[in-house]
Amino acid sequence: MGEKTVPILPCRTIQPVLDFYGILGFEVTFQQKSPNPYAVVARGGIHLHFFGMKGYEPGESYSTCYIETDDVDGLHEAFRTRLKAAYGRVPTRGLPRIGALKDTSHGVRQFLVTDPGGNCLRIGQQTSLDHHHRPAPKETFLRALHHAALLADSRDDPAGAAKVIDRVLRIEDERPTSVQLLRLLVLRADVAGRLDDEETAASAHAKAAAVHLTAQERESVHDDLERLKELRS
C-alpha cells in the first residue's frame, strides 16, 4: 500500500513556525506566500504542512498530530540540544516549548513539542502491543501521580494537575516513598512554571532537590531528574 497521512496545521504567521522547525533540524521543502500562505517542512520521515490563518490565536489552539518513531529518546535529546543551543535554555513553558519524556499508561514512551503556532506534536515510540490505558493504580500516591500526569499532558490542564498533587501531599497519615515524592514534586514544579507561579515552582524545585535517593532509585527516576534540570534552566 502506498498511502500516507500528512497533517496540515494552522498558524497565524508562517515564518516564525518555519524558523522553529529549522532549529529542530527540519528543512523547508515548499513555501508559498500567495494566494494563500502555505509551507511544508520535513525531517527524515516526518512531513508537516502549515497554512496561514488570519485571526488565529496560538495560545488557544487545540491543533495536534501524532508522530511515531523508533528512537524517541534520541529524537528528544536531539530536539533538546538544538533548542538549548538556539535559546540558551530548554523552553519548558509558553510557546514554543518541549515536554518531558515519559512512559505512559498505554504502552507508549513519548514527549510533546508545541510550536509557536500552538500546534502540539505528540512524538512516541511503542513499548507494548497493548494500547489500552492501564487501570489507575490503587496506591494513594501513584494514583495521584497517574491522574496529575494525565491532566497536565493529555488534557493540557496544569491547574487541575496542581490541585491533585497539592491535595495528596497534604495527607497526614500516609507518606510517599522517596521516588514517589520526587516524581510528584518534579511534576508540581513543571505545572507551576506553566501557570507562571514562580514561587511554587521554586519551592517544588528545592524540595525535589532535597529528596534523598539511592543510586538505584536515581536510575528509576532518570527521566524526572532530567526534567528537573530543564526546569531549573
Side-chain angles (χ1 to χ4, degrees), residues 24 69 71-94 96-114 121-125 127-128 134 136-137 139-154 156 158 161-162 164-166 168-169 174-233:
L24 295 184
T69 177
D71 185 16
V72 71
D73 287 76
L75 203 55
H76 186 255
E77 181 59 28
F79 285 179
R80 287 174 66 252
T81 299
R82 285 175 168 273
L83 289 168
K84 188 171 184 179
Y87 298 129
R89 61 180 180 83
V90 179
T92 60
R93 64 181 77 175
R97 65 178 180 269
I98 184 170
L101 187 59
K102 295 182 179 181
D103 292 304
T104 71
S105 63
H106 57 278
V108 173
R109 182 164 171 78
Q110 71 174 23
F111 67 98
L112 278 58
V113 174
T114 306
L121 310 184
R122 295 178 179 269
I123 303 172
Q125 181 174 357
T127 57
S128 170
R134 312 295 186 269
E139 195 279 332
T140 302
F141 299 98
L142 289 179
R143 186 179 183 85
L145 186 62
H146 171 87
H147 288 301
L150 286 177
L151 287 167
D153 297 326
S154 296
D156 194 19
V164 170
I165 297 170
D166 290 344
V168 78
L169 290 180
E174 287 185 76
R175 297 305 304 163
T177 67
S178 296
V179 165
Q180 292 168 352
L181 180 59
L182 185 283
R183 296 186 66 197
L184 286 164
L185 288 171
V186 171
L187 183 55
R188 186 64 180 91
D190 196 336
V191 297
R194 287 160 59 180
L195 293 167
D196 294 323
D197 183 353
E198 301 296 342
E199 182 177 351
T200 300
S203 175
H205 286 161
K207 291 176 181 177
V211 176
H212 176 73
L213 299 169
T214 66
Q216 185 175 6
E217 288 172 336
R218 292 185 70 83
E219 182 62 28
S220 72
V221 292
H222 175 268
D223 292 341
D224 301 273
L225 292 174
E226 287 298 305
R227 185 60 170 176
L228 188 62
K229 292 178 184 178
E230 292 175 355
L231 295 173
R232 286 174 174 166
S233 63

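In this text, all values refer to a predicted model and were calculated from it rather than measured experimentally.
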Atom pair CG (Asp196) and CZ (Arg194), whose distance is rounded to the nearest 0.5 Å: 11.5 Å

Does the side chain of Thr81 come under 3.5 Å of the side chain of Glu77 through a donor N or O and an acceptor N or O? yes

Any chance CD of Glu199 has more than 12 other-residue heavy atoms, nucleotides or ligands included, within less than 6.0 Å? no

CA sep, side-chain torsions, deciding dist, call: Thr92, Glu230, side-chain hydrogen bond (donor to acceptor under 3.5 Å, both in side chains): CA-CA 7 Å; Thr92 60; Glu230 292 175 355; over 6 Å; no

Under a 4.0 Å N-O cut-off, is there an ion pair linking Arg93 with Asp190? no

Can a donor-acceptor pair be found, under 3.5 Å and without considering hydrogens, that links the side chain of His76 to the backbone of Gly99? yes

Surrounding CZ of Arg183 (heavy atoms of other residues, nucleotides or ligands, distance under 6.0 Å), is the total greater than 12? no

Answer whether the closest heavy-atom distance between the side chains of Val164 and His146 falls below 4.5 Å. no

If you count heavy atoms of other groups shown closer than 6.0 angstrom to CD of Glu174, is the number above 12? yes

Please report the shortest heavy-atom distance between Ala208 and Leu228, naming the atom on each side. CB-CD2, 4.0 Å

Find out whether His106 and Thr127 are in side-chain contact, i.e. whether some heavy atom of one side chain is under 4.5 Å from a heavy atom of the other. no

Please report the C-alpha distance between Thr200 and Leu195 in whole Å, then the side-chain angles of each, then the deciding distance to 0.1 Å, and finally whether the side-chain contact (heavy atoms from CB on, under 4.5 Å) criterion is met. CA-CA 10 Å; Thr200 300; Leu195 293 167; over 6 Å; no

If you define the side chain from C-beta out and look only at heavy atoms, does anything of Asp103 sit under 4.5 Å from Val108? no

Could you tell me whether the side chain of Arg82 and the main chain of Phe79 form a donor-acceptor pair under 3.5 Å? no

Do Thr69 side-chain atoms and Gly124 backbone N/O form a donor-acceptor pair below 3.5 Å? no

Are Arg109 and Asp71 ion-paired here, with the side-chain N under 4.0 Å from a carboxylate O? no

Applying side-chain contact (heavy atoms from CB on, under 4.5 Å), run through Leu112 and Arg97 and close with a yes or a no. CA-CA 8 Å; Leu112 278 58; Arg97 65 178 180 269; over 6 Å; no

Donor-acceptor pair, side chain of Ser220 and main chain of Glu217, under 3.5 angstrom: yes

Nearest-0.5 Å distance that lies between atom CZ in Phe111 and atom CG in Leu121: 8.5 Å

For the backbone of Val72 and the side chain of Gln125, can you confirm whether one donor and one acceptor N or O come within less than 3.5 Å of each other? yes

So, do Ser178 and Leu213 sit near enough that their side-chain heavy atoms are less than 4.5 Å apart? yes

Of all heavy-atom pairs between Ala148 and Ile165, which one has the smallest distance, and what is that distance? CB-CG1, 3.8 Å

To the nearest 0.5 Å, how far apart are CD in Gln110 and OG in Ser154? 6.5 Å

Heavy-atom closest pair (Leu187 atom, Ala149 atom, distance to 0.1 Å) is CD2-N, 3.7 Å

Salt-bridge contact Asp224-Lys102 (side-chain N to carboxylate O under 4.0 Å): no

Hey, what do you get for NE2 (His205) to CG (Leu231), rounding to the nearest 0.5 Å? 4.5 Å

At their closest point, which heavy atom of Pro96 faces which heavy atom of Tyr87, and how far apart are they? CG-OH, 3.7 Å

If you define the side chain from C-beta out and look only at heavy atoms, does anything of Arg80 sit under 4.5 Å from Ile98? yes

Do Leu145 and Val168 touch side chain to side chain, with heavy atoms closer than 4.5 Å? no

Can you tell me if Gln180 uses its side chain to pair, donor with acceptor, with the backbone of Thr177 under 3.5 Å? yes

Look at the side chain of Arg143 and the backbone N and O of Pro137, then say whether any donor-acceptor pair between them is shorter than 3.5 Å. yes

Going from CG on Leu225 to CG on Leu182, what distance comes out if it is rounded to the nearest 0.5 angstrom? 5.0 Å

